[in-house]
Amino acid sequence: SVLKRIRLHGFKTFAQRAEINLQGDLIAVVGPNGCGKSNLVDAIVWALGENSARALRAGTATEVIFSGSSGQKPLGMAEVSLWFDNETRWLPLDVDEVQITRRLYRSGEWECWINKTPARLRDLADLLAGTGLGRGGYAIIGQGDVEGFLNATPEERRQWIEEAA
Amino acid sequence: SVLKRIRLHGFKTFAQRAEINLQGDLIAVVGPNGCGKSNLVDAIVWALGENSARALRAGTATEVIFSGSSGQKPLGMAEVSLWFDNETRWLPLDVDEVQITRRLYRSGEWECWINKTPARLRDLADLLAGTGLGRGGYAIIGQGDVEGFLNATPEERRQWIEEAA
Amino acid sequence: AREQFVSAFEAIRGAFQERYARLMEGGQADLILTLPNDPLSSGVLLEAQPPGKRRQRLELLSGGERAMTAAALLFAFLDVKPSPLCVLDEVDAALDGRNVERFVDHLKELASSSQTLVITHNPITSANADHWIGITMSEPGVSRVIPYTIQHVEGDIPSALTDQA
Amino acid sequence: AREQFVSAFEAIRGAFQERYARLMEGGQADLILTLPNDPLSSGVLLEAQPPGKRRQRLELLSGGERAMTAAALLFAFLDVKPSPLCVLDEVDAALDGRNVERFVDHLKELASSSQTLVITHNPITSANADHWIGITMSEPGVSRVIPYTIQHVEGDIPSALTDQA
Ligand SMILES: Nc1ncnc2c1ncn2[C@@H]1O[C@H](COP(=O)(O)OP(=O)(O)OP(=O)(O)O)[C@@H](O)[C@H]1O
Ligand SMILES: Nc1ncnc2c1ncn2[C@@H]1O[C@H](COP(=O)(O)OP(=O)(O)OP(=O)(O)O)[C@@H](O)[C@H]1O
Ligand SMILES: [Mg+2]
Ligand SMILES: [Mg+2]
């Protein structure tokens, strides 16, 4: 399995730093309504370069930073890191492991690293091109996207197939 | 309880005439995917005067007539009847029971009766005005309408409140 | 007309605040006029804050939280303008076990004053009904209604469980 | 580019036909070019016919039938263009018990070649996972991840069931 570890801090409801080690082929994410399951998915796509307000369910870029709860103050930064196994070289880098980190500050300033090297969103897109994981990729299906899949126009469907070609 | 009986014949998947006697205050409609539960809801709103393709999930008016299955030919007519208890005179007619029947032929011709008296859709709308059951009423929530409830624009919400006023 | 609208708005608003706090066991919600001095041209904003969380835009709420918010608004409309018959098609689809139970409490309350039909796949909801309408497809493509005379429903397949199959 | 598109289209089309018939245990589905002579400006129509039923517009299909159709299309894309990681957020929400089981068979097949994360409230889906990520809100408004080291999940509340709560 390619995604080995996820670390989140300050992203949406993940006010406390969380580290998730992934094992197994089929992993079920479970928990009550509103506990943060879809927020975890948002964190993954955000770290992979997603910027659209609609995809992240946020209105502005900084709305993904933990904005406080009844017991905690808002935080000033959101950071998500993903560690990928790259032994099969499915990512076009000649290393066995690829770490992607994205960080966003309240000011709106943000940074992004690929294996500790500063990167732009463009570099992320190039890295993920053809993997199904880049922005708008078909391998990540958000909650409620199922109906959109069927409601797409014939032209939109052709575009998906073009991207898969 | 006001709705005592429903009779369907030829409406969507109800190719065989079905008669449902309703009892109890909280009635659960259950069954597997695609068996006809939402079609039953469509039948109720259709008999009450609904004409919008979107609300009925149909493209043209006659698409609600049973169009055949692997084992049965299409039918030429759809008919739905509803029997209401009117002892409390919640419907503005001086009778203890109100029967509403709507019928549609393949030709597109349709008929509608209130207590065996021919009626126009306009008469149905007048009958149901203020009950929450007329076209677009808030008392009938279709599958998938929940998200639309929240996604409405502020202007649309005001209109709902105006209608409830 | 303005008087009527404002009084309906205030009533629905009050009912919505009460219903939300009760359904969510805490938190708060509100309806707000965008133009308080010109209600008839105003829009109506909807704000919701689940217990323990800060108030955020509706889009950030989870699927289950949005469904509970929509349910609170629906119950509020019905509090102010009751309907003798209510039909709800799978409004509990996104709810976890605890939220379904709270929702069902409100459903039973509604059923004590209005005849309520719910289409559901949720065993908690159907277990709380006092009557059932089972629908299957004994013949492919053709709906068949199975009247329940005994209070037994298992999963989504009613045919095995009624004495009239 | 035209050759590439046509070959991708034919591959996805074939996979979609196979996946649909297998997921639905019968029936048929298809992808059709609106302009077969000009593929790159063509639209792609989607047709689906559940077992025993006649082919109808997609809007007439039930909630569960639409979800199964969308799943078949998603699996088809992944058959033709596999992704090392797939994330599916509550795509099983509208499915009844039998359809969930068939869907889960395809999920397990996918997981044998791609790391697959599913967010789900469905106990059948989560029971078939080989690992779980539990998320709760021990502190209101703040997500907490509960690593599972034993294969036990009950309902949506993971905290009671792990030896690390
Ligand atoms: N920036 C933020 N700061 C604090 N809380 C946030 C932020 N963004 C979103 N939230 C909260 O996250 C919650 C939604 O979480 P999420 O969508 O992950 O739930 P979920 O586990 O997927 O639930 P469901 O099963 O209902 O889909 C909402 O209550 C929302 O208020
Ligand atoms: N005019 C028609 N003739 C024949 N079949 C029809 C017609 N209109 C709709 N159908 C069929 O009805 C089925 C959908 O039924 P319905 O929406 O009532 O299912 P449901 O019981 O609500 O299922 P779910 O639990 O998935 O929501 C579809 O398979 C569709 O093809
Ligand atoms: Mg969610
Ligand atoms: Mg339905």
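Labels below follow one simple rule: chain letters A, B, ... track the order of the sequence lines, proteins then strands, and each chain is numbered from 1.
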Review point. Given the options A/G132, A/S69, A/G130, A/A139, which has more heavy-atom pairs under 4.5 Å with chain D than any of the others?
Key: A/A139
Review point. For D/S83 and A/T131, which heavy atoms make the closest approach, and how far apart are they?
Key: OG-O, 3.0 Å
Review point. So which part of A/V2 gets closer than 4.5 Å to some heavy atom of chain D, the side chain, the backbone, both or neither?
Key: both
Revision key, fill the gap. dist D/E10:CD -> A/I161:CD1 (nearest 0.5 Å) comes out at 9.5 Å
Exercise for review: Could you check which of D/K81, D/E90, D/E59 has the highest count of heavy-atom pairs closer than 4.5 Å to chain A?
Suggested key: D/K81
Review point. CZ of D/R55: more than 12 outside heavy atoms within 6.0 angstrom?
Key: no
Point to revise | Side chain to side chain, A/K4 and D/Q115, heavy atoms closer than 4.5 Å | key: no
Point to revise | Under 4.5 Å from a heavy atom of chain D, the part of A/A164 involved | key: both
**Study point:** For the student: nearest non-hydrogen atoms of A/E162 and D/L40, plus distance
**Key:** OE2-CD2, 3.6 Å
Point to revise | Residue selection (most heavy-atom pairs with chain A, distance under 4.5 Å) from D/A67, D/C86, D/S42 | key: D/S42
Practice item. With the side chain counted from C-beta on, respond yes when D/K108 and A/L26 share a heavy-atom pair under 4.5 Å apart, and no when they do not. Key: yes
Exercise for review: Might you point out which heavy atoms bring D/T120 and A/A28 nearest each other, and give the distance in Å?
Suggested key: CG2-CB, 4.4 Å
Point to revise | Residue pair D/I133 / A/V30, side-chain heavy-atom distance below 4.5 Å | key: no
Check your understanding: Based on non-hydrogen pairs under 4.5 Å, which of D/L78, D/L107, D/V142 is most in contact with chain A?
Key -> D/V142
Study note, to complete from the structure: Of the listed D/D89, D/L33, D/I32, the one with the largest count of heavy-atom pairs under 4.5 Å with chain A is D/D89
Check your understanding: Of all of D/N128, D/L74, D/V91, which one pairs up most often with chain A through heavy atoms under 4.5 Å apart?
Key -> D/L74
Review point. Non-hydrogen atoms of chain A under 4.5 Å away: do they reach the side chain of D/S113, the backbone, both or neither?
Key: neither
Review point. Which of the residues D/V145, D/L31, D/V6, D/L85 is involved in the greatest number of heavy-atom pairs with chain A at under 4.5 angstrom?
Key: D/L85
**Study point:** Pair D/E139-A/Q16, side-chain donor/acceptor within less than 3.5 Å
**Key:** yes
Review point. Quick one: what part of A/L40 sits under 4.5 Å from any heavy atom of chain D, side chain, backbone, both or neither?
Key: side chain
**Study point:** Distance in Å, D/F77 CZ paired with A/E163 CD, rounded so as to fall on 0.5 Å steps
**Key:** 8.5 Å
Exercise for review: Check whether more than 12 heavy atoms from other residues, nucleotides or ligands sit under 6.0 Å from atom CZ of A/R17, and answer yes or no.
Suggested key: no
Check your understanding: Mind checking whether D/R66 and A/N151 have side chains closer than 4.5 Å, heavy atoms only?
Key -> yes
Check your understanding: Between D/I135 and A/F14, is any pair of side-chain heavy atoms under 4.5 Å apart?
Key -> yes
Check your understanding: Given side chains that start at C-beta, do those of D/I119 and A/Q143 come closer than 4.5 Å, heavy atoms only?
Key -> no
Point to revise | Contacting region of D/L110 [heavy-atom separation from chain A under 4.5 Å] | key: neither
Check your understanding: Is it the backbone or the side chain of D/L88 that comes under 4.5 Å from a heavy atom of chain A, or both, or neither?
Key -> both
Check your understanding: Do D/F9 and A/R158 come within less than 4.5 Å of each other through their side chains, counting heavy atoms only?
Key -> no
Review point. Side chain, backbone, both or neither: which part of A/L150 has an atom under 4.5 Å from a heavy atom of chain D?
Key: both
**Study point:** 4.5 Å side-chain heavy-atom contact, D/V87 and A/I141
**Key:** no
